[in-house]
Amino acid sequence: MNNNLFVYNTLSRSKERFVPIHLNHAGMYVCGPTVYGDAHLGHARPAITFDLVFRYLLYLGYKVRYVRNITDVGHLENDADEGEDKIAKKARLEELEPMEVVQYFTDRYHDNIDRLNVKKPSIEPRASGHMIEQINMIREIFDAGFAYESNGSVYFDVEKYNKTNHYGILSGRVLEDLLSNTRDLESQDEKRNSFDFALWKKAQPEHIMRWPSPWSDGFPGWHLECSAMSSKYLGEQFDIHGGGMDLLFPHHESEIAQSTVCFHKAPARYWMHNNMITINGQKMGKSLGNFITLDELFAGTHHALEQAYSPMTIRFFILQAHYRSPLDFGNEALQAAEKGFNKLMKAMETLEKLVPGADSTSDIATLEAKCYEAMNDDFNSPIVIANLFEGVRIINSVYDKKESLTGADLEKLKALFKSFIIDILGLLPETDPTAGIQLVDDLMQVILEIRKNARTNKDWATSDKIRDELARVKISVKDTKDGASWSIE
RNA sequence: GGUAUCAUGGCCGAGCGGUUAGGCAACGGUCUGCAAAACCGUGUACAGCGGUUCGAGUCCGCUUGAUACCUCCA
């Protein structure tokens, strides 16, 4: 097993060799979406980033348990809403059952993510299905003396925790700074300190999503579900915890505090955070209202979009940047990704047509080594892609008979492309809507035959008319030495 | 105000003490009836100011600017 994989750990702010807790096994937990709205481009980033991690670990031979939750309860809208959670609010507005809303957006999330060819996680637990685990965890924290009850709600005592631990270890914060710098928030009277966070929140009478507990009818706090579900399915300590950078504080910080109190150890060894997708240099987010949903991207219906972008274009676009770098959305960049992706896919087709030569003019083994090196260096997909384009150059040159590869190297290159493009990067050829329709093939053959006759007679007007008319229906015809070929745009 | 992360050519984005990133766009060439594709070649770059070093986008300091988090957020 490859043990040269290095992972950037937010905890240490450096790349560390990946050593799993249990030999040949890897446990990974990633914070999933809150299902109260359609998934947007920002949601695609962690889904694809950790899909890449998942796929590469699998590829290396690890037995991976990948847990990605669905948050369907508990996130507070804001203080003014007095504990009404987002999902309940949406449900009341639309007069739907909360679980109806959850189901609707969960299904839509799955549809979008599936189209991006994101592998399904091993377990996808829902917060609402783990009330008992969450209540038990609160009880443990309570019994350990790190929680207090206030008016039916339960809060985590951050100040007390910080006496023996460092609350802020992940985000580089110091509690004293938090004390003096916390913004003024109203209605904090239930809490001893502004930075204490809720473990259990008492439900207001109008609040529909509620569960019984020893303290009140209510719902669990913001950070608890991840601690409860990750420990349930991955153990008290597991290998990788992932999520967006915006969750670093306070969400992940609080997870560490909860788990440390309950299990006396940090929940995860490696903390991985993907950066944000920006639009005009600003974070794309729900609250900012500047987001573009995946549906809109696929259909090209948002006003900021010059065209529709296919799921694979989006996936390629995201993989062309390193996951820890911010990625700026732009039509020009998306269009460049689209062209680059098509070039890569065409080369894959060409690769199948190559015939072996007597010797090799390019070093495929080195190319392969570079791809592994890039993946092992904190999942550097842009470098992998750059190397794959070197492979594209070789493929096209061999096809043009300007270079040659031996049969063995040809097989190596095919295996390399299959492994890295399909298995690891998860890029698939876009399905041609006419694929498998024999009639279309036959019709095209008839048309090109007529055109060929015209060309033989140097009847360029007819030849060009056929090509132009076909271009209007998005079929491009290209004349090569071996005759005309056609493809759907 | 605090914490963290950045600042790379027309655009998107890698890199990291000394060697071409890559994609898209642009220009020249090969091929071609023309076009497209493909291939070959070319250019433009590391925010500013100091410092360390034989040598710095690459390390250190300062300045300027940007973003994220400190309130739900991927």
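Letters go in sequence order (proteins before strands), and every chain restarts at 1. We use all heavy atoms of the structure for the numbers below, so side chains are in, but hydrogens, waters and symmetry mates are not.
For Ser171(A), no side-chain nitrogen or oxygen approaches OP1 or OP2 of C70(B) to under 4.0 Å.
The residue His322(A) sits close only to the backbone: its heavy atoms come under 4.0 Å of sugar-phosphate atoms, none of a base. If you check every strand for non-hydrogen atoms under 4.0 Å, Asn275(A) touches a base. Residue Asp464(A) is classed as a base contact, given a heavy-atom separation below 4.0 Å to a base. Counting any heavy atom pair closer than 4.0 Å across all strands shown, Ile277(A) reaches a base atom. Counting any heavy atom pair closer than 4.0 Å across all strands shown, Asn274(A) reaches a base atom. At a threshold of 4.0 angstrom between heavy atoms, the contacts of Lys339(A) are confined to the sugar-phosphate backbone, with no base atom among them. As judged by a 4.0 angstrom heavy-atom cut-off over every strand, Gln282(A) is placed among residues touching the sugar-phosphate backbone only. No engagement by Leu248(A) is indicated, since no non-hydrogen atom pair under 4.0 Å with the nucleic acid exists. As judged by a 4.0 angstrom heavy-atom cut-off over every strand, Met245(A) is placed among residues making no nucleic acid contact. Using a 4.0 Å heavy-atom criterion, one finds that Ala386(A) contacts the bases of the nucleic acid, with or without backbone contacts as well. Within 4.0 Å (heavy atoms only), Gly42(A) reaches at least one base atom of the nucleic acid. Across all strands, Val477(A) comes closer than 4.0 Å to base atoms (heavy-atom distances).
Syn is the glycosidic conformation of G57(B), whose angle stays within 90° of 0.
Nearest to the side chain of Arg13(A), among U5(B), A74(B), A36(B), sits U5(B). Distance from the side chain of Lys343(A) is smallest for C24(B) among the nucleotides C24(B), C12(B), A35(B). Side-chain atoms of Thr34(A) lie closest to A74(B) of the nucleotides A74(B), G13(B), C70(B). Here C12(B) is the nucleotide among G22(B), C73(B), C12(B) with the atom lying nearest to any side-chain atom of Phe317(A). Nearest nucleotide to the Asp328(A) side chain, out of C12(B), C69(B), G33(B): C12(B). Of the candidate nucleotides C24(B), C73(B), A14(B), C73(B) has the atom nearest to the side chain of Lys283(A). Candidate nucleotides G23(B), C70(B), A74(B) were compared by shortest atom distance to the side chain of Phe389(A), and G23(B) ranks first. When the nucleotides U3(B), G22(B), C39(B) are ranked by their closest atom to the side chain of Arg393(A), C39(B) comes out on top. Side-chain proximity of Ala321(A) to the nucleotides A14(B), C12(B), C34(B) is greatest for A14(B). Here the side chain of Ser325(A) is nearest to one of U5(B), A14(B), C12(B), namely A14(B).
Applying the salt bridge (Lys or Arg N to Asp or Glu O under 4.0 Å) test to every pair with at least one member in residues 6-16 of chain A, sequence neighbours left out, gives these pairs: Lys15(A)-Asp377(A).
The base of A35(B) sits with one of its N or O atoms less than 3.5 Å from a complementary donor or acceptor on the side chain of Arg467(A). For C6(B), its base never sits under 3.5 Å from the side chain of Arg324(A) at any donor and acceptor pair. Between the side chain of Asp479(A) and the base of C34(B), a donor-acceptor pair under 3.5 Å is found.
For Leu247(A) and A4(B), the CG to C1' distance is 15 Å, given to the nearest whole Å. At whole-Å resolution of the value, CG in Asn387(A) and C1' in G15(B) are 12 Å apart. Here the P atom of nucleotide A4(B) and the CG atom of Leu11(A) are 14 Å apart, to the nearest Å. Atom CG in Asn342(A) sits roughly 12 Å away from atom P in A25(B) (whole-Å rounding).
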- Which dot-bracket string fits RNA chain B when only Watson-Crick or G-U wobble pairs with both atom distances under 3.5 Å count, crossing pairs get [ ], and | stands for a partner on a different strand? (((((((..(((.....[...))).(((((.......)))))....(((((..]....))))))))))))....

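In summary, the side chains of Asn376(A) and Tyr56(A) do present a donor paired with an acceptor at a separation below 3.5 Å, with no hydrogens or angles considered. Ser362(A) and Glu403(A) form a side-chain donor-acceptor contact under 3.5 Å, judged by distance and modelled atom types alone. Side-chain polar atoms of His40(A) and Thr293(A) form no donor-acceptor pair below 3.5 angstrom. Between the side chains of Gln320(A) and Ser381(A), no donor N or O sits under 3.5 Å from an acceptor N or O. No side-chain N or O of Asn9(A) forms a donor-acceptor pair with one of Ser12(A) less than 3.5 Å apart.
The 12-atom threshold is exceeded at NZ of Lys353(A), counting heavy atoms of other residues, nucleotides or ligands nearer than 6.0 Å.
Mapped onto RNA chain B by nearest heavy atom, Ala336(A) and Ser397(A) fall at different nucleotides, with Ala336(A) at the one closer to the 5' end. Between Gly340(A) and Gly244(A), the residue anchored closer to the 5' end of RNA chain B is Gly340(A), taking for each the nucleotide with the nearest heavy atom.
Relative to the ring axis of Tyr155(A), Arg192(A) does not place its NZ or CZ within 45° and under 6.0 Å from the centre.
Aromatic rings from His241(A) and Tyr270(A) are positioned such that their centres are separated by 6.0 Å or more.
Among the candidates Phe54(A), Tyr29(A), Phe238(A), the single residue satisfying the ring-ring contact (aromatic ring centres under 6.0 Å, His included) test with Tyr66(A) is Phe54(A).
Stacking of the aromatic ring of Trp460(A) onto the base of G33(B) is found: the ring centres lie under 5.5 Å apart and the planes are inclined by under 30°.
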